[in-house]
Amino acid sequence: MTPTLASRLANIAPFHVMELAKMATELERAGRSIVHMGIGEPDFTAPPPVIEAASRALADGRLQYTAAVGIPALREAISAHYRDVYGLDVAPSRIIVTAGASAALLLACAALVESNAEVLMPDPSYPCNRHFVAAFEGRAKMIPSGPEQRFQLSDAVVREHWGAATRGVLLASPSNPTGTSIAHDELGKIVSTVREKGGFTIVDEIYQGLTYDEAPYSALSLGDDVIVINSFSKYFNMTGWRLGWLVVPPAMVAQIEKLAQNLFICASGIAQHAGIACFKPESIAIYEERKAEFRRRRDYIVPALRELGFKVPVTPDGAFYVYADCSALSNDADRLTIDMLNQAGVVLVPGLDFGPFTARQYIRLSYATSMDNLKEAVGRLERFFAEYSPGR
């Protein structure tokens, strides 16, 4: 007999990015050549200093549980990174090492989201953000946010939509799926408004290291009450290592630690020892070279998409995504992405995952792949659209 499942599961939607990836895998197994620009995963892997640090930890037998908040050396290295890059004094005691940014978001929502609490976030947003809120029986209020707002919330919008049930905001800068950031002064206004309302501000900064057009900043500069999520997956190229961190106000540390002890025990010990090496000068030099390569790819693919007939109303300033309006090519982004996969062998992602506002009109492209692959994809799509009818 199948157990009765919790009703909260009805609030968790499938992740269409992964469904398309499965379809692509089946086509590859059948012998098709597929260019993957769907999943947001760097094609670069951890650089040699990080691999060497992991090997040393393995050889030395440093395989035991660590403290739930992470090993001191890694927390201190992250703190020094905030000082060196952002000019911020973030005490290591406020930094909680987690099993990826997903665990950090889970811990933040476990600590802050109560049943029926409302959390404001833009539509479009990374789908798991709203699902973390739903997992704790809160409600994500998705606010339509178009290109005029750079697909982000503004202070005026937060004030307009704050209601009796609202408890906070969950933002991402730069954002997945749009690659756009919130201007520092605008984010400061949002934080001030949320503070005035007695709410919480969570900012997902996992792409903050991949900021191209302006000097990077962290929301931590806006006060000790801002909660920030970060990760080793994107800028540091360690997706499968499952390592991230969470910065919380001093008064929250003990409560988050208690949750982490019970939910995760700790992040991977080997990954933590390897993570320290990410902050070595020789590692940072490699990451900055790779960042320049991501920018080069962006500067190729954005005009190429426009030439194909997509509209890119906002040039992404960070991450490795382009959020493109496909309405001149098709009236159904979901159908279009399936056709591009089956007929052209190119994986892109429809807006369906990221919220209803842009679901049928936009597609997301990840340029976290080689320049050769990007050029191959553009060639395939040129041939595909030469025979494709809008609305098909």
Side-chain angles (χ1 to χ4, degrees), residues 37 39-45 47 81-82 84-88 101 122 124-126 145 147-152 171-188 203-221 228-239 278-279 281 283-307 310-325 348-349 354 362-375 377-378:
M37 297 190 296
I39 296 176
E41 180 171 40
D43 55 326
F44 303 114
T45 58
H81 185 67
Y82 278 115
D84 296 343
V85 176
Y86 305 103
L88 297 175
S125 281
Y126 180 57
S145 304
E148 301 81 6
Q149 298 84 37
R150 297 181 56 78
F151 304 106
Q152 296 279 6
L171 310 170
S173 183
S175 164
N176 177 5
T178 68
T180 61
S181 302
I182 306 173
H184 188 260
D185 59 344
E186 191 65 31
L187 183 57
V203 184
D204 176 347
E205 293 188 345
I206 71 172
Y207 296 100
Q208 192 59 258
L210 297 173
T211 299
Y212 306 117
D213 301 326
E214 303 288 343
Y217 70 89
S218 172
L220 293 170
S221 64
V228 160
I229 310 292
N230 214 316
S231 171
F232 287 83
S233 291
K234 309 302 181 179
Y235 175 75
F236 297 106
N237 310 151
M238 294 174 68
T239 50
C278 289
F279 303 101
S283 297
I284 294 296
I286 293 169
Y287 292 132
E288 287 298 302
E289 289 176 3
R290 293 173 176 182
K291 174 180 174 178
E293 174 60 15
F294 279 131
R295 179 173 183 166
R296 188 171 78 96
R297 295 173 185 178
R298 179 202 67 170
D299 292 345
Y300 165 75
I301 198 62
V302 168
L305 286 171
R306 288 172 173 152
E307 285 291 322
F310 292 95
K311 300 172 188 174
V312 184
V314 183
T315 298
D317 59 274
F320 35 63
Y321 304 111
V322 184
Y323 208 51
D325 182 341
L348 301 175
V349 177
F354 309 109
Y362 279 82
I363 58 99
R364 187 195 75 178
L365 177 148
S366 168
Y367 52 89
T369 188
S370 71
M371 186 66 82
D372 286 345
N373 281 344
L374 292 177
K375 291 179 178 179
V378 169

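For reference, positions follow the sequence shown, starting with 1.
In this structure, CZ on Phe310 lies 4.5 Å from CD1 on Ile363, to the nearest 0.5 angstrom. Annotation: the span from Ile301 atom CD1 to Arg306 atom CZ amounts to 11.5 Å, rounded to 0.5 Å. The distance from the CZ atom of Arg298 to the OG1 atom of Thr315 is 7.0 Å, given to the nearest 0.5 Å. How far CD1 of Ile182 is from NE2 of His184: 11.0 Å, rounded to the nearest 0.5 Å. Rounded to the nearest 0.5 Å, atoms CE (Met37) and CG (Leu374) are 6.0 Å apart. Distance check, rounded to the nearest 0.5 Å: CG of Leu88 to OH of Tyr217 gives 12.5 Å.
None of Val228, Leu171, Thr211 except one satisfies the side-chain contact (heavy atoms from CB on, under 4.5 Å) rule with Glu205; the exception is Val228.
Applying the side chain to side chain donor-acceptor pair (under 3.5 Å) criterion to Thr239, with sequence neighbours excluded, gives Glu41. Here Pro313 pairs with Pro147, Phe151, Tyr362 under the side chain to side chain contact (heavy atoms under 4.5 Å, CB included) rule; sequence neighbours left out. With sequence neighbours left out, Ser173 forms a side chain to side chain donor-acceptor pair (under 3.5 Å) with no residue at all. With sequence neighbours left out, Ser370 forms a side chain to side chain contact (heavy atoms under 4.5 Å, CB included) with Asp43, Asp372, Asn373. Looking at residues two or more places apart in sequence or on another chain, you find no side chain to side chain donor-acceptor pair (under 3.5 Å) involving Thr45. Ser181 pairs by the side chain to side chain donor-acceptor pair (under 3.5 Å) definition with Asp317, not counting sequence neighbours. Remark: Ala183 pairs with Asp185, Glu186 by the side chain to side chain contact (heavy atoms under 4.5 Å, CB included) rule, at least two apart or across chains. Annotation: salt bridge (charged side-chain N to carboxylate O under 4.0 Å, His left out) contacts of Asp84 (sequence neighbours excluded): none. By the ring pair (Phe, Tyr, Trp, His ring centres under 6.0 Å) test, Tyr86 is found to be paired with Tyr82, residues two or more places apart in sequence or in another chain being considered. In this structure Arg364 satisfies the side chain to side chain contact (heavy atoms under 4.5 Å, CB included) test together with Val17, Asn176, Pro177, Tyr321, Tyr323, Val349, Phe354, sequence neighbours excluded. Among residues two or more places apart in sequence or in another chain, the ring pair (Phe, Tyr, Trp, His ring centres under 6.0 Å) test is passed with Phe320 by Tyr207, Phe294.
Here the closest heavy-atom approach between residue Ile284 and residue Cys278 is recorded as CD1-O, 3.5 Å. Taking each heavy atom of Asp213 and Pro316 in turn, the nearest pair found is OD2-O, 4.2 Å.
Listed by first and then second residue, the salt bridge (Lys or Arg N to Asp or Glu O under 4.0 Å) pairs that reach into residues 285-294 are Glu293-Arg296, Glu293-Arg297, sequence neighbours excluded.
At least one donor-acceptor pair under 3.5 Å links the side chain of Lys234 to the backbone N or O of Gly40. In this structure, Arg150 contributes its side chain and Val314 its backbone to no donor-acceptor pair below 3.5 Å.
Ring geometry for Tyr287 versus Tyr235: interplanar angle of 30 to 60°, hence tilted.
At least one side-chain heavy atom of Pro124 sits under 4.5 Å from a side-chain heavy atom of Thr178.
Using a 3.5 Å distance cut-off with no hydrogens or angles, the side chains of Ser218 and Gln208 do not pair a donor with an acceptor.
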